[in-house]
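Shown next, in structure tokens, is the structure this report addresses.
We count ligands from 1, going down the list as the structure has it; atoms in each ligand are counted the same way.
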Amino acid sequence: RRKAQMDIFEILESEVRTYCRTWDTVFERASGSTLYSEDGRDYLDFFSGAGALNYGHNNPDLLRPLVEYLLSGAIVHSLDMKTVAKRRFLETFHELILRPRNYDYKVMFPGPTGTNSVEAALKLARKVTGRTHIVSFTNAFHGMTLGSLSVTGNSMKREGAGVPLTNTSSMPYDGFLDGEAADFLWLRRALQDSGSGVDKPAAVIVETVQGEGGLRAARASWLRGLAELCHQHGILLIVDDVQAGCGRTGTFFSFEDAGITPDIVCLSKSISGFGLPLSLTIFKPELDIWKPGEHNGTFRGHNPAFVTGTAALEHYWQDRRLESKVAGLASQLHEGLSQIAARTEGARVRGRGLLAGIYYPDHEVAGKISVEAFARGLLVETSGPDGEVIKTMPALTIEPGDLLKGLDILADAAESVTG
Ligand code: PMP
């Protein structure tokens with residue numbers, strides 16, 4: 001029967017427009033940082049739903065309130081109506097996240113996924129400034145819908161659009177940790193030279209760590225320089241915190257340590273905490289010029305996601321509870337990755353917090369390590385334009401023993417590839 005079930009996936013892949021990740025098994029259950037396949041194997045999860053499962057699978061702190069909520073005859077779908085679950089989420093987000101950080105942001109629910117949040121940010125920036133041009137960065141990833149794709153720096157993904165994507169330009173993302181000092185010359189020239197033919201941008205959109213683009217992590221000073229330049233020229237700064245946010249880098253927002261206050265911030269993935277679709281676009285109150293209904297959608301704000309999102313904030317972000325735990329895990333992770341990287345010439349650790357990995361100069365290596373890791377019971381992805389970086393993203397709630405076990409498997413897998 002199992003064989004027959006696998007064959008159905010093969011048929012699906014040949015007849016339906018879908019693709020399965022290269023992990024050739026059928027998963028059945030999951031708990032914490034472990035996934036179980038139907039053939040009885042278990043896998044440690046260093047993938048975490050590409051960042052949607054920062055608190056692990058079926059976290060009981062979130063599952064319990066969700067089940068109670070659903071059994072209480074509560075509202076699941078409500079569109080734009082006011083609900084108790086929405087109010088609780090908004091209050092909690094304000095009290096535990098915005099207020100302690102002195103952030104004055106308005107919150108909107110632009111749709112179910114990360115790309116919806118980016119689309120809303122781009123639209124809002126254009127409407128507020130009356131300008132169309134958006135500056136983005138090489139190797140950036142912002143989503144697959146047309147607006148988000150137009151600011152995504154990945155040729156293969158852009159080709160999916162079938163036509164040239166306009167009104168954007170890509171700046172070198174040169175502010176990563178082991179990079180050269182950045183002076184934003186390209187942007188400065190465009191802004192100061194009125195004969196340059198470059199339209200003054202409405203906004204700059206940036207990730208503090210390029211989750212899909214190779215785990216380059218911007219230096220805090222680079223982010224501050226960028227924020228200052230934007231501010232001087234009346235250009236809105238959008239931080240896409242869809243992947244790096246919600247605690248992944250150690251603080252709730254990935255830009256907190258840099259001391260910048262973006263004009264618009266995109267959040268999704270782990271904002272519901274449970275893998276349920278929810279996204280937020282938060283922006284400075286003076287940008288709130290949309291009339292009611294100018295940006296809407298049927299699945300904006302999902303009540304079960306509000307319930308788990310509220311529980312996640314209460315359990316993990318009250319008094320910044322999770323921060324020191326993530327810092328401890330992150331130093332363990334970086335230490336383990338450094339030891340693995342040290343065995344290969346030119347290999348380097350990249351990333352920040354629990355969004356970290358190893359860059360390999362031979363671009364085939366990371367993919368091979370991922371395959372070997374899977375064979376040994378570890379799910380770990382690759383990142384970067386050529387998949388040249390092995391990318392680890394364990395849950396922020398992973399047991400330290402599981403983190404070490406995963407690192408051991410990774411070391412073993414890397415050794416089997418690099419010798
Ligand atoms: N922004 C960033 C930084 C992302 O990493 C992603 C998803 N990988 C997106 C936007 C798009 O999110 P979604 O896939 O939920 O539309």
Does the plane of the ring in [X] sit parallel, tilted or perpendicular to the ring in [Y]? Use 30° and 60° as the thresholds.
X	Y	answer
Phe374	Trp23	parallel
His363	Tyr359	perpendicular
Tyr55	Tyr316	parallel

Give the residue, atom name and distance (to 0.1 Å) of the protein heavy atom nearest [atom].
atom	answer
atom 5 (O) of ligand 1	Gln243 NE2, 2.7 Å
atom 4 (C) of ligand 1	Phe141 CD2, 3.7 Å
atom 7 (C) of ligand 1	Lys269 NZ, 3.2 Å
atom 10 (C) of ligand 1	His142 O, 3.3 Å

Notebook entry, point to check: Quick one: which of Glu212, Gln210, Arg248 gives a side-chain hydrogen bond (donor to acceptor under 3.5 Å, both in side chains) with Gln243?
Noted result: Glu212

Notebook entry, point to check: Thinking salt bridges, do Glu91 and Arg88 make one under a 4.0 Å N-O criterion?
Noted result: no

Note to self: Under 4.0 Å between a side-chain nitrogen and a carboxylate oxygen: does that hold for Arg224 and Glu228?
What the structure shows: no

Please confirm whether [X] comes within less than 3.5 Å of ligand 1 when only nitrogen or oxygen atoms on both sides are compared.
X	result
Gly114	yes
Glu207	no
Ser268	no

Margin query: One residue to check: Thr115. Relative to ligand 1, which of side chain, backbone, both or neither has a non-hydrogen atom less than 4.0 Å away?
Written below: both

Checklist line | Proximal atoms of ligand 1 relative to Asp240 (non-hydrogen, under 4.0 Å) | finding: 1 (N), 2 (C), 3 (C), 10 (C)

Check: Within a reach of under 6.0 Å around NZ of Lys284, are more than 12 heavy atoms found that belong to other residues, nucleotides or ligands?
Finding: yes

Next item on the list: Answer yes if a protein heavy atom lies under 4.0 Å from atom 13 (P) of ligand 1, otherwise answer no.
Entry: yes

